[in-house]
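Dropping the structure in here first, questions after.
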Amino acid sequence: RVVVTAGGTQEPIDPVRAVVNRSSGKQGYALAQVALDRGAEVVLISGASNLDVPYGLTLVDVKTAAEMQQAVLAEAGQSDVLLMAAAVADFRPQASSPHKIKRGASGQILQLEPTEDILAQVAERRKQGGRPKVIVGFAAESQDLLDNARGKLERKGLTLIVANDILAADAGFAVDNNRVTLLDAGGGVQSLPLMSKAQVAEHILDRVEALLG
Ligand code: CTP
């Protein structure tokens with residue numbers, strides 16, 4: 001049983017505006033498709049995305065980081081694998097206005113507060129329940145790629161982290177290709193060449209299958 005998160009979260013400012021990010025959801029949806037093709041029961045927890053939902057999985061639509069947190073915590077403890085490809089907002093507006101903010105309210109300052117780190121919570125719960133056996137995080141970085149990714153792997157208690165450089169013009173955000181490096185908890189580093197997100201998903205699932213034994 002595999003839980004995949006994908007797409008970006010949206011944090012409302014008022015009924016028509018939100019703090020968003022530019023994640024397309026492509027890598028997460030590709031992972032869900034490959035996990036399905038390999039016979040897994042798949043739950044896809046998806047933030048904003050325009051992609052077609054693969055046939056045969058259970059879809060959970062979410063908007064905010066808090067909704068994603070709730071959905072992931074409900075599913076992860078009953079699953080073997082969590083693939084956390086979603087781009088979760090790190091900050092949300094402290095208060096969301098129930099009415100559309102008018103132009104006249106000039107000079108407003110948006111106060112932000114941090115969201116919870118979902119992966120860290122899942123890893124903490126795994127210490128008791130033992131599940132999910134494999135937790136895969138993603139690190140989209142614009143500098144010090146491998147150092148930052150290794151830091152996240154250790155800080156969040158992950159099994160594997162998929163690092164990609166978001167400043168590369170031909171890979172990463174919103175395009176069909178990706179160039180990633182897989183770092184594991186044992187210190188292993190596997191750098192993959194430029195390839196489609198579907199092929200990246202195959203490599204990640206190969207590693208996951210090996211980790212599951
Ligand atoms: N993530 C999460 N909960 C959050 C933010 C991120 O579980 N509130 C997950 C992402 O889905 C991803 C991994 O953590 O798999 C790394 O996300 P990233 O935004 O790169 O890491 P942060 O911990 O937010 O660190 P920073 O923004 O400082 O780089």
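Read the numbers this way: they start at 1 and go in the same order the structure lists the ligands and their atoms.
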Please tabulate, line by line, the atom pairs linking an N/O of ligand 1 to a protein N/O at a distance below 3.5 Å, with the distance in Å to 0.1, or answer 'none'.
unit_1	atom_1	unit_2	atom_2	d
ligand 1	3 (N)	Ile118	N	3.1
ligand 1	7 (O)	Ile118	N	3.4
ligand 1	7 (O)	Leu119	N	2.9
ligand 1	8 (N)	Thr115	OG1	3.4
ligand 1	8 (N)	Glu116	O	2.8
ligand 1	11 (O)	Met84	O	3.4
ligand 1	11 (O)	Ala86	O	2.8
ligand 1	14 (O)	Lys156	NZ	3.0
ligand 1	15 (O)	Met84	O	2.8
ligand 1	15 (O)	Phe138	N	2.9
ligand 1	15 (O)	Phe138	O	3.3
ligand 1	20 (O)	Lys152	NZ	2.6
ligand 1	21 (O)	Lys152	NZ	3.3
ligand 1	23 (O)	Lys156	NZ	2.7
ligand 1	24 (O)	Asp90	OD1	2.8
ligand 1	24 (O)	Asp90	OD2	3.0
ligand 1	27 (O)	Asp90	OD2	2.8
ligand 1	29 (O)	Lys152	NZ	2.8

Using side-chain heavy atoms (C-beta onward) and a distance below 4.5 Å, is Thr9 in contact with Glu11?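 In short, these two side chains touch, coming nearer than 4.5 Å.
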Tell me every residue that passes salt bridge (charged side-chain N to carboxylate O under 4.0 Å, His left out) with Arg1, counting only those two or more places apart in sequence or in another chain.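 In terms of salt bridge (charged side-chain N to carboxylate O under 4.0 Å, His left out), with neighbours along the sequence ignored, Arg1 is linked to Glu41, Glu75.
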Side chains of Thr159 and Arg126 only: does a donor on one sit below 3.5 Å from an acceptor on the other?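 Thr159 vs Arg126: donor-acceptor pair found between side chains.
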Under 3.5 Å side-chain donor-acceptor pair for Ser46 and Tyr29: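 Ser46 vs Tyr29: donor-acceptor pair found between side chains.
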Criterion side-chain contact (heavy atoms from CB on, under 4.5 Å) against Phe138, the qualifying member of Thr5, Leu31, Ile161, Leu158: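 Of Thr5, Leu31, Ile161, Leu158, side-chain contact (heavy atoms from CB on, under 4.5 Å) with Phe138 is met by Leu31 alone.
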Decide whether Gln143 and Asn148 meet the rule of one side-chain donor and one side-chain acceptor closer than 3.5 Å.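 No, no side-chain donor-acceptor contact under 3.5 Å.
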